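Working notes for the structure below.
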2 protein chains.
Amino acid sequence: MAEERLLTKREVVAEFRRREILRSAQEVFAREGFQEATMDKIAQNAGVSKGTLYLYFKNKTDLFFQAIDERLNEFISLIRKSLEGDHSPLKKIWNVVSTQMEFFEDHKAFFKVCLNIRGGLYLEHPQEYFERLKEKYQPYFNEISQVVEEGCEQGTFCQVEPMKAAYLLAEMINSLILYRIIHETTNPVTQDEKLIYRVFLRGFLKKGAE
Amino acid sequence: MAEERLLTKREVVAEFRRREILRSAQEVFAREGFQEATMDKIAQNAGVSKGTLYLYFKNKTDLFFQAIDERLNEFISLIRKSLEGDHSPLKKIWNVVSTQMEFFEDHKAFFKVCLNIRGGLYLEHPQEYFERLKEKYQPYFNEISQVVEEGCEQGTFCQVEPMKAAYLLAEMINSLILYRIIHETTNPVTQDEKLIYRVFLRGFLKKGAE
DNA sequence: AATGTATATGACTATTTGGTCATTAAAATA
DNA sequence: TATTTTAATGACCAAATAGTCATATACATT
């Protein structure tokens, strides 16, 4: 049996603090955006002093991106899981659509933060962070474009630059999430999922396929 | 003949200043985003002192939204013009796609500002401004959804919530503009216009129509 | 030309806030 | 329990910057 040192009380508390700060940061950033979310608010919300934030995170930007990182990992891994196994490209597209729509339906605040980053922050943050995030997001686009490529090879989809198709799909999904947020729609997401699925497929399906 | 008082030198200069400040603001906001664009930078860029900015605009937010307003008007009126006359819904969709893609191809910086607003600023600005902007953008969505509605009535398009179709179209276009920006694509936009047109139409066209 | 009026200026103020650090408290260790 | 090590605190600092206002300048009017 491996010699597993028990965690000291110190380490347990530290881990707990870290998580509590991240949770608090996610909350405040989502609610107020980057600028309005002050370190004081985040600290207060987490029930620690401001100084403590700096024991666990280098600076505000660092905290921000670590807070996002977690959720983004969760999202990416959900998408990955939904593409496991050897389903048809059609089925995989459906899985992406429904996974993403449902995820953001449950995390509207996080969705806003994502838009926020894409639109604004890469003007206002060190390039370095934006690059890292882009890298993080890349697998998502890669997965989709791979599915499209499969579809092309199998002759289900018509010839198209797979990455562009991936962008199109991603934004089509975003558009309806945005629609739901702006119009405060509450009816089931399934309808919207079906709409996107249909439009996307019709757009890319080869005549006669499936 | 109406008694047209000539503008005094004062008034001419004032109008010139106003325009020069707006132009400068558009430039700096587009390049640096809202936060990083300081009033000092804008003033310097316009070749006036900071105090002068406040003679013409209430505050920074006001200047920002007025700067956007102009471009947005230009955009909306281009879209409107492209929809004038009684073309078929198909032709109109094509006009929207090509007008929008070409406009933003020429105004990438402004496109970023738009994303910026949509994503972030409505967390960080007085609600009031966001509402006004939303109102401003509304005609765009109305025009498109009207075209879709026409198409439905004429039996060209299949039944669909027109406003959702409008959102979908708008974001599909955005997605490829974004793609072009991120991948620094320089090949002609026409290809991308065609792609969107095809996907959108296939998605919404009734079987057998056109 | 002299006087009055509107505009421009930029040093200055007030505030906000990210980040620090000397001090205190708590936990590990001997 | 005494001592050492580590973590937490929050008053404090420095920098940035939106917005102001007394002064200076340019224009209009008589």
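This one's a predicted model, so the numbers in the text were calculated from it and none came from an experiment. Chain A is the first sequence line, chain B the second, and so forth, proteins listed ahead of strands; every chain is numbered from 1.
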Taking atom [atom2] of [N] as reference, at what distance in whole Å does atom [atom1] of [X] sit?
X	N	atom1	atom2	result
B:Ile42	C:dT9	CD1	C1'	18 Å
A:Lys50	C:dT16	NZ	P	13 Å
A:Gln44	D:dA8	CD	C1'	16 Å
B:Arg18	C:dA8	CZ	C1'	18 Å
A:Asp40	D:dT9	CG	P	13 Å
B:Met39	C:dT16	CE	C1'	17 Å
B:Phe29	D:dA18	CZ	C1'	12 Å
A:Gln35	D:dT17	CD	P	10 Å

Below 4.0 Å: OP1/OP2 of D:dA7 and any side-chain N or O of A:Arg17: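 For D:dA7, neither OP1 nor OP2 has a side-chain N or O of A:Arg17 closer than 4.0 Å.
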
Side-chain donor-acceptor pair present, [X], [Y], cut-off under 3.5 Å:
X	Y	value
A:Tyr179	B:Glu161	yes
A:Asn95	A:Ser82	no
B:Glu171	B:Asn174	yes

Nearest 0.5 Å please: distance from the CG atom of A:Leu78 over to the CG atom of A:Leu83.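 Separation between the atoms: 11.0 Å.
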
Within this structure, what is the CD-CD distance for the pair B:Glu153 and B:Gln159, rounded to the nearest 0.5 Å?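 If we round to the nearest 0.5 Å, B:Glu153:CD and B:Gln159:CD are 9.0 Å apart.
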
Applying salt bridge (charged side-chain N to carboxylate O under 4.0 Å, His left out) as the test, list every pair that has at least one member in residues 37-47 of chain A; sequence neighbours left out.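 For residues 37-47 of chain A: A:Glu32-A:Lys41, A:Asp40-A:Lys50.
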
Of residues 52-61 of chain A, the positions that come close to DNA chain C - non-hydrogen atoms, cut-off under 4.0 Å: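 Listed by number, they are A:Tyr54, A:Asn59, A:Lys60.
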
A:Phe34 ring centre to A:Lys60 NZ or CZ under 6.0 Å, with the angle to the axis within 45°?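 Pair A:Lys60/A:Phe34 counts as cation-pi.
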
Is the charged tip of B:Arg19 near the ring of B:Phe16: under 6.0 Å from the six-membered ring centre and within 45° of its axis?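 Ring-cation test returns no.
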
Give the B/S/- string for nucleotides 21-29 of chain D, one per nucleotide from 5' to 3', where a protein heavy atom under 4.0 Å of the base yields B, of only the sugar-phosphate yields S, and otherwise -. -----BBS-

Less than 4.0 Å between a side-chain N and a carboxylate O, is that true for A:Glu135 and A:Arg132?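 Salt bridge flag = no for A:Glu135 with A:Arg132.
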
